[in-house]
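Sequential numbering from 1 along the given sequence is applied to the chain's residues. Remember, it's a predicted structure, so these values are computed and weren't measured experimentally.
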Amino acid sequence: MASTKKKKNPRLASGRKRARQNVKLNAANTSLRSKYRTAVKNVEKAVLAGDVEKAKDLFGKMQSVVDIVADKGIFHKNKAARDKSRLSAKVKALATAA
């Protein structure tokens, strides 16, 4: 028999409100995290496909998404900068190769 812990409901009104807020914040953060990863993945796919114009276009959009997510603190600013730097290098390498 698996032991499943049942979450206790907070007694104080402030605790109940905090629990409600956490659900909303968690959903918002999850959505933004997904948007970030999708944007990065789309640029990587374009680079692998060898499509220079599409990669440049998607890279511009990806930069915007990455900056927004980093500003909100969902990913660390250094991670955002690292991802942008690495993808920028890949897009530039693709452009010079073509």
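N26 and T30 are linked by a side-chain donor-acceptor pair at a separation below 3.5 angstrom, with hydrogens and angles left out of the test.
For the pair E44/L87, a side-chain contact is recorded, criterion being any heavy-atom separation below 4.5 Å from C-beta on. When side chains are defined from C-beta on, K56 counts as touching V52, because their heavy atoms get closer than 4.5 Å.
Q21 contributes atom CD, which lies 10.0 Å from atom OG of S14 (distance to the nearest 0.5 angstrom). Taken from NZ in K90 to OG in S88, the straight-line distance is 11.5 Å, to the nearest 0.5 Å. Atom CG of D57 and atom CD of E53 lie 8.5 Å apart (nearest 0.5 Å).
Among all heavy-atom pairs drawn from V91 and V43, the shortest one is CG2-CG1, 4.1 Å. Residues A55 and L94 share a closest heavy-atom pair of CB-CD2, 4.2 Å.
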Distance-only donor-acceptor pairs under 3.5 Å for side chains of residues 63-81, two or more places apart:
from	atom 1	to	atom 2	distance (Å)
D67	OD1	K84	NZ	2.7
D71	OD1	K77	NZ	2.9
H76	ND1	N78	N	3.0
K79	NZ	D83	OD2	3.2

